[in-house]
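Note that this is a predicted model, so its numbers are computed, not measured.
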Amino acid sequence: MPTVKQKIFLARCLNQGLRWLRRLGGRGMQLECRRRGVKWNLDLDEGIDLSIYVFGAYEPRTLRAYSGMIRPGDVVFDIGANIGAHTMHFARLTGAQGRVYAFEPTDFAVEKLRGNLALNPDLAARVSVHQCFLVAEAGAALPASIFSSWPVAHEHHDLDPEHLGKPKSLQAAEAITADAFVRGAAIDRIDFVKLDVDGHEDTVLRGFEQALRRFRPAILVELAPFVYEGENAREFDDFISFLVRLDYQFTDAQTGRPVPADAAALRRLIPHGSGLNVVLRPRSA
């Protein structure tokens, strides 16, 4: 289970090699390309973009895992959509009769998400983009910035020392609970949720409880205890306890093996600086 720092180191090595090759051909690091049936506008100096270009998808093993779970006509919530690395594939899998609600709060990533959707009009017709920061309760204040960029080309003074993310602003974002969004949009089903919010999971889920209890969707989430260390450590325990109370079963997204639904056991299982993608399935419908 490689750490985030190890992944970023490898990405920087790949970036340097590609930069040299592309310069030989008189090409820059921004390009349009097609990968796995999706057109992308990519910046190869960004970690997520680089992964899509080199491997065909961001987190390809995770893509394989949820490809067997999402069916035509499903309704998917992509919370923390970033540039659309999974949004596009969700839209492929749900088909023309399905719907994907993509939530991304940062100005930086939502602009790239909309640009990638514009390159794929058939998929864009199935996706609803919302520049929202999902909160625990109405009236909650937004942070000034959150991490939505992982640069791999140059040194940056403002990267997080642990996961090497770069903070981006939320100037145009709206604060809303997921439950309030569901009511306002008159959503009558949710089949699958991807949650990738780098330490804000407990906040999002506490504002999502009514819909989760009503619809019982499967949930894909990255468990990364190190993101919660220090004064926020308790939030990881609360996040796991919340899911246990909702009677969700934890399984490794890549192997399908059971994962302990206990915060202390998860800290022992997941190496410091690393994360584990987990699929959560309700034990009862």
Side-chain angles (χ1 to χ4, degrees), residues 36-41 48-49 52 57-59 62-63 66-67 69-136 138 140 142 146 148 168-198 200-201 203-205 207-221:
R36 302 199 185 201
V38 177
K39 289 188 68 176
W40 299 96
N41 189 333
I48 294 175
D49 302 50
I52 293 170
Y58 179 62
E59 299 178 323
T62 300
L63 167 59
Y66 66 67
S67 292
M69 300 175 62
I70 299 173
R71 300 177 178 85
D74 277 356
V75 174
V76 175
F77 270 35
D78 187 358
I79 302 174
N82 206 278
I83 71 168
H86 293 297
T87 312
M88 304 298 181
H89 296 293
F90 293 150
R92 284 196 309 107
L93 294 166
T94 62
Q97 302 305 312
R99 193 70 181 163
V100 180
Y101 294 88
F103 301 90
E104 172 52 47
T106 66
D107 306 327
F108 165 81
V110 83
E111 180 180 356
K112 296 186 69 171
L113 168 60
R114 288 175 171 146
N116 285 321
L117 283 168
L119 294 175
N120 300 272
D122 290 347
L123 300 182
R126 308 166 192 175
V127 178
S128 179
V129 177
H130 302 274
Q131 192 170 359
C132 298
F133 187 89
L134 298 180
V135 293
L142 289 176
I146 62 171
S148 68
K168 295 293 185 179
S169 70
L170 288 71
Q171 292 183 359
E174 173 190 7
I176 187 172
T177 69
D179 283 332
F181 178 87
V182 168
R183 291 192 297 271
I187 293 170
D188 59 6
R189 65 182 286 189
I190 304 173
D191 301 287
F192 187 89
V193 175
K194 189 218 81 185
L195 181 61
D196 187 0
V197 291
D198 294 314
H200 298 282
E201 288 85 0
T203 297
V204 172
L205 290 175
F208 203 7
E209 183 171 1
Q210 294 175 12
L212 293 178
R213 290 189 181 276
R214 178 184 175 192
F215 300 120
R216 309 297 284 156
I219 302 171
L220 171 67
V221 62

field: V193 and V76: CA distance, side-chain angles, deciding distance, side chain to side chain contact (heavy atoms under 4.5 Å, CB included) verdict
entry: CA-CA 6 Å; V193 175; V76 175; over 6 Å; no

- request: Using only heavy-atom distances, determine whether the side chains of T87 and H89 contain a donor-acceptor pair under 3.5 Å.
  value: no

- prompt: What residues form a ring pair (Phe, Tyr, Trp, His ring centres under 6.0 Å) with F208, not counting sequence neighbours?
  reply: F77

message: Any heavy-atom pair between the side chains of I219 and L212 that's under 4.5 Å?
response: yes

- prompt: Hey, what do you get for CG (L93) to CZ (R126), rounding to the nearest 0.5 Å?
  reply: 9.5 Å

For Y66, ring pair (Phe, Tyr, Trp, His ring centres under 6.0 Å) partners two or more places apart: H86, F90

field: Nearest-0.5 Å distance, CG of residue L195 to CG of residue L220
entry: 9.0 Å

field: Given D49, N41, N82, the one that forms side chain to side chain donor-acceptor pair (under 3.5 Å) with K112
entry: D49

task: With rounding to the nearest 0.5 Å, note down the distance linking CZ in R36 to CG in L63.
output: 5.5 Å

Chi angles and distances behind the side chain to side chain contact (heavy atoms under 4.5 Å, CB included) call for V38, N120: CA-CA 7 Å; V38 177; N120 300 272; 3.8 Å; yes

message: Is any side-chain heavy atom of I187 closer than 4.5 Å to one of Y101?
response: yes

- request: Step by step, work out the side chain to side chain contact (heavy atoms under 4.5 Å, CB included) result for L205 and T203.
  value: CA-CA 6 Å; L205 290 175; T203 297; over 6 Å; no

Distance, nearest 0.5 Å, that separates CD1 of I70 from CZ of R92: 10.0 Å

message: Restricting to non-hydrogen atoms, name the atom on K194 and the atom on D78 that form the minimum distance, rounded to 0.1 Å.
response: NZ-OD1, 2.7 Å

task: Go through R71 and D191 one step at a time and tell me if the salt bridge (Lys or Arg N to Asp or Glu O under 4.0 Å) criterion holds.
output: CA-CA 9 Å; R71 300 177 178 85; D191 301 287; over 6 Å; no

- request: Go through the side-chain N and O atoms of R183 and Q210 and say whether any donor and acceptor fall under 3.5 Å apart.
  value: yes

- request: Nearest 0.5 Å please: distance from the OG atom of S148 over to the CD1 atom of I48.
  value: 8.0 Å

task: Dump the intermediate steps for ring-ring contact (aromatic ring centres under 6.0 Å, His included) on F103 and F133, then the final yes or no.
output: CA-CA 8 Å; F103 301 90; F133 187 89; over 10 Å; no

Listed partners of D196 passing salt bridge (Lys or Arg N to Asp or Glu O under 4.0 Å), at least two apart: none

task: Would you indicate whether the side-chain heavy atoms of I176 and V135 approach each other to under 4.5 Å?
output: no

task: Measure the CG-CD1 distance between N116 and I52 for me, rounded to the nearest 0.5 Å.
output: 7.0 Å

task: Would you name the heavy atoms of A211 and D179 that are closest together and state the gap between them?
output: N-OD1, 2.8 Å

- prompt: D74 and R189: salt bridge (Lys or Arg N to Asp or Glu O under 4.0 Å), yes or no, with the steps?
  reply: CA-CA 8 Å; D74 277 356; R189 65 182 286 189; 3.3 Å; yes

field: side chain to side chain contact (heavy atoms under 4.5 Å, CB included) between D107 and K168, intermediate numbers included
entry: CA-CA 7 Å; D107 306 327; K168 295 293 185 179; over 6 Å; no

task: Locate the shortest heavy-atom distance separating A91 from V127; write the atom from each residue and the value.
output: CB-CG2, 3.8 Å

task: Compare all side-chain heavy atoms of L134 with those of T177 and state whether any distance is below 4.5 angstrom.
output: no

query: Between E104, E174, R114, which is the residue that forms a side-chain contact (heavy atoms from CB on, under 4.5 Å) with Q131?
result: R114

Nearest heavy-atom neighbours spanning G84 and W40: O-CH2, 3.3 Å

- prompt: How far apart are the closest heavy atoms of P105 and A173, and which atoms are they?
  reply: O-CB, 3.5 Å

